[in-house]
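Quick note: numbers below take in every heavy atom, side chains included, and nothing from hydrogens, waters or symmetry partners. Both ligands and their constituent atoms are indexed starting at 1 by order of listing.
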Amino acid sequence: MNYRGRFAPSPTGALHFGSLIAALASCLEARAHGGEWLVRMEDVDAPRTAPGAAEGILACLEAHGFIWNGEILWQSRRLEAYQAALDDLRAKNLAYGCACSRKEIAERATARAIDGGLLYSGTCRHGTPSGRLPRAWRLRVENADIDFSDPIQGTIRQNIARDVGDFVLLRADCQFAYQLAVVVDDAFQGITHVVRGADLLDSTPRQIYLQACLDYAQPEYLHVPVATNAAGEKLSKQTGAKALDVEHPAANLVRALNFLGQHPPQELAQASVREVWEWALGNWQREKIPRCQWIRDQ
Ligand code: GLU
């Protein structure tokens with residue numbers, strides 16, 4: 001079977017337990033299918049990229065015994081490809097320039113988008129007001145239901161116009177949006193299966209929609225549960241998640257396997273990284289992944 005998966009961290013900080021879960025699940029799924037597993041550094045958002053974080057993430061993956069196929073793809077080196085995709089969307093009249101300021105967007109919004117942000121009211125959909133120059137570029141979305149079937153999360157359906165609205169492709173600060181970059185790169189790298197955290201579940205219909213606009217193939221999607229802290233917040237740098245302790249990679253891997261419902265023998269936490277991988281590669285069962293979006297990390 002032709003299977004190509006990937007792990008795509010954003011180098012905004014060190015690798016933490018939440019990112020280890022996504023890395024491990026995507027890698028084990030790829031290997032279980034005899035497939036390839038790629039690493040892509042999602043450093044497209046320059047202002048959010050922390051100096052040294054990308055190198056730290058790669059060293060941490062190596063310390064945990066991850067072996068990826070091929071070269072790392074760096075999004076910061078892919079700006080021409082994102083521009084070409086935006087040009088293609090413009091040529092198809094699917095992308096338009098938007099002159100609205102944050103304040104204007106807030107004043108005119110009448111509804112919230114699924115991610116809690118504001119739904120764009122469409123002021124510039126048919127051209128920017130006279131004398132105003134575009135600040136950002138948006139995708140002109142149709143009133144369409146997008147659905148996909150996720151092996152863990154079930155059927156997910158979203159109406160792009162109602163739930164997301166005309167979303168941003170190139171931001172006013174001249175940074176390409178994650179949604180565009182991820183779709184262009186998944187297609188460029190020939191990714192057939194995306195395995196990632198359920199915090200990105202809401203983004204997937206947008207990405208499927210963009211793939212259709214750009215005539216790209218649609219990968220399969222699987223979203224594993226996301227670890228939360230005691231306050232119910234997703235583990236992330238913003239919520240104070242601790243960097244993984246690279247002194248105890250085997251114990252970290254065993255903890256992540258437990259989180260993913262695999263429940264290896266407890267003594268494996270004292271074994272070598274190689275032994276943990278041997279067990280994981282031989283015993284991985286996707287069916288055991290808990291079918292939920294969030295799990296509190298004990
Ligand atoms: N870079 C994204 C993140 O770290 C993940 C992107 C993806 O897996 O599609 O949240």
Side-chain angles (χ1 to χ4, degrees), residues 4-30 36-50 53-58 60-61 66 68 72-78 81-82 85 115-117 148 150 152-153 156 158 164 167 169 171 175-211 214 216-228 233-239 241 243-244 256 260 293-294:
R4 190 179 272 179
R6 54 42 161 206
F7 173 56
S10 300
T12 54
L15 211 66
H16 52 77
F17 182 61
S19 18
L20 180 66
I21 292 164
L24 191 59
S26 60
C27 186
L28 289 172
E29 262 297 279
E36 292 179 310
W37 182 72
L38 280 54
V39 173
R40 178 167 75 229
M41 201 47 76
E42 300 217 314
D43 57 350
V44 68
D45 192 341
R48 286 190 63 222
T49 298
E55 293 71 18
I57 288 172
L58 296 176
C60 188
L61 286 174
F66 285 92
W68 51 87
I72 309 276
L73 188 71
W74 296 77
Q75 289 196 323
S76 54
R77 301 177 194 164
R78 298 266 306 142
Y82 308 146
D115 64 0
F148 70 99
D150 184 301
I152 304 298
Q153 308 294 340
I156 305 293
Q158 219 180 66
V164 181
F167 58 92
L169 303 168
R171 299 189 330 219
Q175 304 291 310
F176 286 101
Y178 155 70
Q179 306 291 355
L180 180 67
V182 77
V183 162
V184 171
D185 288 343
D186 280 338
F188 174 71
Q189 295 189 287
I191 300 301
T192 60
H193 292 75
V194 173
V195 174
R196 59 188 179 189
D199 52 320
L200 288 159
L201 205 52
D202 286 346
S203 290
T204 304
R206 239 171 296 179
Q207 294 173 15
I208 291 174
Y209 190 90
L210 257 179
Q211 282 149 5
L214 288 162
Y216 293 162
Q218 181 188 320
E220 303 282 332
Y221 287 94
L222 183 157
H223 294 82
V224 298
V226 167
T228 68
E233 301 161 326
K234 176 195 154 191
L235 295 191
S236 70
K237 204 183 78 174
Q238 290 75 22
T239 59
L244 282 172
L260 289 163
Q293 291 188 29
W294 311 96

Could you list each N/O atom of ligand 1 together with any protein N/O atom closer than 3.5 Å, one pair per line with the distance?
from     : atom 1 : to   : atom 2 : distance (Å)
ligand 1 : 1 (N)  : A8   : O      : 2.7
ligand 1 : 1 (N)  : S10  : OG     : 2.8
ligand 1 : 1 (N)  : E42  : OE1    : 2.6
ligand 1 : 4 (O)  : S10  : N      : 3.4
ligand 1 : 4 (O)  : S10  : OG     : 3.2
ligand 1 : 8 (O)  : R6   : NH1    : 2.7
ligand 1 : 9 (O)  : R6   : NH1    : 3.4
ligand 1 : 9 (O)  : R6   : NH2    : 2.8
ligand 1 : 9 (O)  : Y178 : OH     : 2.9
ligand 1 : 9 (O)  : R196 : NH1    : 2.7

*Between T192 (side chain) and R4 (backbone), is there a donor-acceptor pair under 3.5 Å?*
yes
Quick note, salt bridge (charged side-chain N to carboxylate O under 4.0 Å, His left out) partners involving residues 11-27, not counting sequence neighbours, are none
Pairs of donor and acceptor atoms involving the side chains of residues 197-204, under 3.5 Å and at least two apart or interchain, shall be tabulated with distances.
from : atom 1 : to   : atom 2 : distance (Å)
D199 : OD2    : K234 : NZ     : 2.8
S203 : OG     : Q179 : NE2    : 3.1
T204 : OG1    : R196 : NH2    : 2.8
T204 : OG1    : L200 : O      : 3.3
T204 : OG1    : H223 : NE2    : 2.9

**Report entry** Centroid-centroid under 6.0 Å between W37 and F66 rings
**Finding:** yes
For R77, the salt bridge (Lys or Arg N to Asp or Glu O under 4.0 Å) test, sequence neighbours excluded, returns none
* Is the NZ or CZ atom of R171 both under 6.0 Å from the centre of the six-membered ring of F176 and within 45° of that ring's axis? -> no
